[in-house]
Number of protein chains: 2
Amino acid sequence: MNSSIEQKTRVGVLNDYLSVDCVIFGFDFNQLNVLLVDRVMVDELTGKELFNDLTLTGNHIYEDEDLDEAAARVLFDLTGLQDIYLEQFKTFGAPDRIKRENDRAWLAANGRDPDKRIVTVGYYSLLATDKVTLEWKGRNVRWTPVAGVRDLAFDHMDIFQEALVALRKKLLREPIGFELLPEKFTLSQLQRLYEVILGVELDKRNFRKKVARMKYLVPLDEKQKGVAHKPARLYNFDRDLYELNRKELLDFAI
Amino acid sequence: MNSSIEQKTRVGVLNDYLSVDCVIFGFDFNQLNVLLVDRVMVDELTGKELFNDLTLTGNHIYEDEDLDEAAARVLFDLTGLQDIYLEQFKTFGAPDRIKRENDRAWLAANGRDPDKRIVTVGYYSLLATDKVTLEWKGRNVRWTPVAGVRDLAFDHMDIFQEALVALRKKLLREPIGFELLPEKFTLSQLQRLYEVILGVELDKRNFRKKVARMKYLVPLDEKQKGVAHKPARLYNFDRDLYELNRKELLDFAI
DNA sequence: GCAAAAGTGTTAGGATTACACCCATGT
DNA sequence: ACATGGGTGTAATCCTAACACTTTTGC
């Protein structure tokens with residue numbers, strides 16, 4: 001879409017036993033969401049709906065494709081965006097990770113052998129909740145608040161939960177939140193981001209005292225415009241300064 | 001060996017494209033070591049040594065085996081021990097991760113197709129430097145101080161370096177060090193452990209002040225015996241107490 | 001002028017750092 | 001008696017937590 005790098009066109013052969021699954025977190029200053037897609041199976045003869053549930057997004061990988069590339073491809077298919085924050089967090093490969101009847105039926109109907117183990121490499125990703133298509137592989141896509149996720153297909157509930165833990169741990173130690181903010185942001189936005197993703201409340205004055213110590217959060221000579229209240233000062237995150245001063249972490253351990 | 005659980009005898013079929021690699025760290029109060037095995041290849045005709053370098057330990061996994069099981073099996077083969085601390089940290093699957101001539105020759109000589117991508121799930125493990133056999137799959141096994149590791153085969157140098165970073169991060173946040181200490185240990189031993197694994201120096205008085213706050217480090221009414229200096233008080237780590245009081249981490253962020 | 005969010009300071013308690021000497025034991 | 005590591009306290013600085021009111025803007 002608005003990226004300068006061309007996405008490679010894949011012509012290779014897909015690896016049937018190896019996939020990536022992406023837990024895509026979306027943030028909108030109100031809540032943390034995860035991207036789920038509908039999985040509807042209908043009886044071919046009667047046309048009756050057999051089941052209707054939800055999965056994460058994922059895909060098998062091409063033989064000539066790196067794992068990170070495969071995950072980025074899933075994201076690109078969904079959003080048209082490249083260079084989105086993406087982190088590998090765990091690989092899932094229990095021989096019986098697909099055993100429920102619905103899951104086996106779904107695989108069989110999609111031309112796969114339900115008795116063959118599929119190992120899947122889990123990634124999580126973080127983006128702003130806008131910028132996403134509403135369809136993927138012909139299936140409906142929906143944002144779901146993380147607190148309301150239940151009954152996912154396959155072992156996707158496990159994958160989702162581990163991803164959420166990994167994301168929160170990462171946010172406590174590394175400056176990944178800036179992926180979700182505009183170039184210039186206010187301190188209230190930054191605070192809200194931590195509150196929403198970590199699921200906590202923070203004190204405004206203490207929060208500001210803390211970030212004031214972080215030299216890589218640079219106050220600009222610029223304010224919000226057109227807001228119906230006192231306009232806030234804008235800041236930006238200086239990644240170079242951060243890499244230099246890297247001892248002082250965003251240490252939000254609670 | 002001294003374990004109550006029987007190790008399953010494997011009769012299944014090995015998966016050729018999927019392996020685990022174990023970065024086995026060994027601690028001995030003097031330094032942190034990593035377990036490496038010699039890889040020697042000789043020309044079948046001339047008997048001349050073609051190359052002689054080092055690899056990590058790893059293995060392909062059985063079709064009916066979970067990833068964690070496969071890693072535990074590698075460890076069992078090396079040590080005869082079960083229930084050793086083992087952590088999955090990253091999966092490596094670049095299509096060109098095996099491209100050097102030595103590596104391709106080695107694979108070919110071992111009945112594998114060097115052009116077929118092998119995805120490997122990386123684990124690290126932590127144990128005391130004794131308790132290890134000197135041979136594995138007919139190859140020599142050696143402990144090497146982590147500072148002196150270089151020129152490993154395949155992409156094992158990358159795997160090793162990422163494992164070391166992951167181990168250190170983990171030690172900063174979770175009580176994994178106790179895996180390496182006897183049931184009853186002294187505070188100097190505990191301090192030494194952190195110093196050796198993290199590669200830092202810590203102040204004795206400050207260290208003790210810090211651990212005094214951790215209620216789950218319980219001082220015993222017992223002292224060292226037979227040492228040529230003032231005998232130290234023994235402590236033990238109460239995991240139940242730890243799980244309860246779990247906010248106060250062993251927060252050794254430097 | 002009202003609603004809405006921005007912005008600001010103090011105090012008390014706890015944690016961190018830097019630093020040096022005496023103690024109990026085996027040989 | 002000596003070598004070896006065990007064990008202890010203080011002061012300065014910094015960080016954390018709790019807590020409430022004034023300011024600036026758009027409408």
Side-chain angles (χ1 to χ4, degrees), chain A residues 28-31 171-173 181-182 184-196 198-236 245-254, chain B residues 28-31 172-173 181-182 184-196 198 200-236 245-254:
Chain A
D28 63 7
F29 291 107
N30 276 312
Q31 53 195 355
L171 184 66
L172 289 172
R173 306 273 141 226
L181 296 174
K184 303 169 178 180
F185 51 85
T186 71
L187 293 186
S188 293
Q189 288 174 322
L190 185 62
Q191 179 179 341
R192 188 91 186 110
L193 188 153
Y194 280 88
E195 290 180 331
V196 165
L198 299 176
V200 296
E201 290 217 335
L202 301 171
D203 178 87
K204 182 160 62 159
R205 280 178 284 192
N206 293 338
F207 181 87
R208 282 161 188 252
K209 242 177 293 172
K210 184 160 201 160
V211 302
R213 264 176 266 125
M214 304 174 180
K215 311 290 170 46
Y216 41 86
L217 278 179
V218 275
L220 305 174
D221 285 327
E222 207 176 331
K223 308 214 152 177
Q224 276 183 313
K225 274 181 188 138
V227 288
H229 55 75
K230 179 170 173 177
R233 156 161 268 134
L234 296 173
Y235 287 73
N236 82 69
N245 297 19
R246 214 176 184 312
K247 46 203 134 208
E248 25 180 357
L249 322 164
L250 273 168
D251 188 356
F252 277 94
I254 315 276
Chain B
D28 63 7
F29 290 107
N30 277 312
Q31 54 195 354
L172 289 172
R173 306 273 142 226
L181 295 174
K184 302 168 180 180
F185 51 86
T186 71
L187 293 187
S188 293
Q189 288 174 321
L190 184 63
Q191 180 180 339
R192 188 93 186 108
L193 187 153
Y194 279 88
E195 291 180 331
V196 165
L198 299 177
V200 297
E201 290 218 332
L202 301 171
D203 178 87
K204 182 159 64 160
R205 280 178 286 192
N206 294 338
F207 181 87
R208 281 158 190 251
K209 241 177 291 169
K210 184 160 201 160
V211 302
R213 265 176 265 126
M214 304 174 179
K215 311 293 170 44
Y216 40 86
L217 278 180
V218 274
L220 305 174
D221 285 329
E222 208 175 330
K223 307 212 155 177
Q224 275 183 314
K225 275 181 188 139
V227 286
H229 54 75
K230 179 170 172 178
R233 158 161 266 134
L234 296 173
Y235 287 73
N236 81 68
N245 296 20
R246 214 175 184 312
K247 48 205 133 204
E248 22 180 359
L249 323 164
L250 273 169
D251 189 355
F252 276 95
I254 314 278

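A note on names: the letters A, B, ... follow the listed sequences, proteins ahead of strands, and every chain is numbered from 1. In what follows, every heavy atom counts, from backbone to side chain, and hydrogens, waters and symmetry copies are set aside.
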Review point. Does A:Lys204 place a side-chain N or O at less than 4.0 Å from the phosphate oxygens OP1/OP2 of C:dT8?
Key: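 No, A:Lys204 has no side-chain N/O under 4.0 Å of OP1/OP2 on C:dT8.
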Review point. Can a side chain N or O of A:Ser188 be found less than 4.0 Å away from OP1 or OP2 on C:dA6?
Key: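 A:Ser188 to C:dA6 OP1/OP2: side-chain N or O found under 4.0 Å.
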Measure the distance from [atom1] on [X] to [atom2] on [N] and round it to the nearest whole Å.
X: B:Arg205; N: C:dC23; atom1: CZ; atom2: P; result: 15 Å
X: B:Leu220; N: D:dG6; atom1: CG; atom2: P; result: 16 Å
X: A:Asp203; N: C:dT11; atom1: CG; atom2: P; result: 17 Å
X: A:Arg233; N: D:dT25; atom1: CZ; atom2: P; result: 13 Å
X: A:Arg192; N: C:dA5; atom1: CZ; atom2: P; result: 11 Å
X: A:Arg208; N: C:dT10; atom1: CZ; atom2: P; result: 17 Å
X: B:Lys223; N: C:dC23; atom1: NZ; atom2: P; result: 14 Å
X: B:Lys209; N: D:dG6; atom1: NZ; atom2: P; result: 18 Å

Exercise for review: Describe, in one word, how the ring planes of A:Tyr235 and A:Phe185 are oriented to each other, choosing from parallel (under 30°), tilted (30 to 60°) and perpendicular (over 60°).
Suggested key: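 Judged by the thresholds at 30° and 60°, the geometry between A:Tyr235 and A:Phe185 is parallel.
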Practice item. Could you check if a side-chain atom of B:Glu195 sits within less than 4.5 angstrom of a side-chain atom of B:Arg192, using non-hydrogen atoms only? Key: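 Of all side-chain heavy-atom pairs linking B:Arg192 with B:Glu195, at least one is under 4.5 Å.
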Practice item. Side chain of A:Lys230 only, please: which of D:dT16, D:dT24, D:dG6 is the nearest? Key: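 Given the options D:dT16, D:dT24, D:dG6, the side chain of A:Lys230 is closest to D:dT24.
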Check your understanding: What pair of heavy atoms forms the shortest contact from A:Leu181 to A:Phe29, and how long is it?
Key ->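 Heavy atoms only, the tightest pair is CD2-CZ, 3.6 Å.
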Review point. Start at the 5' end of DNA chain D and walk down; is the nucleotide closest to A:His229 or to B:Asn206 reached first?
Key: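 Result: B:Asn206.
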Point to revise | N/O donor-acceptor pair under 3.5 Å between A:Asp28 side chain and A:Gln31 backbone | key: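 Checked: pair present.
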Check your understanding: Quick one: on DNA chain C, does A:Ala228 or A:Leu187 contact a more 5' nucleotide (nearest heavy atom)?
Key ->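 Its nearest nucleotide being more 5', the pick is A:Ala228.
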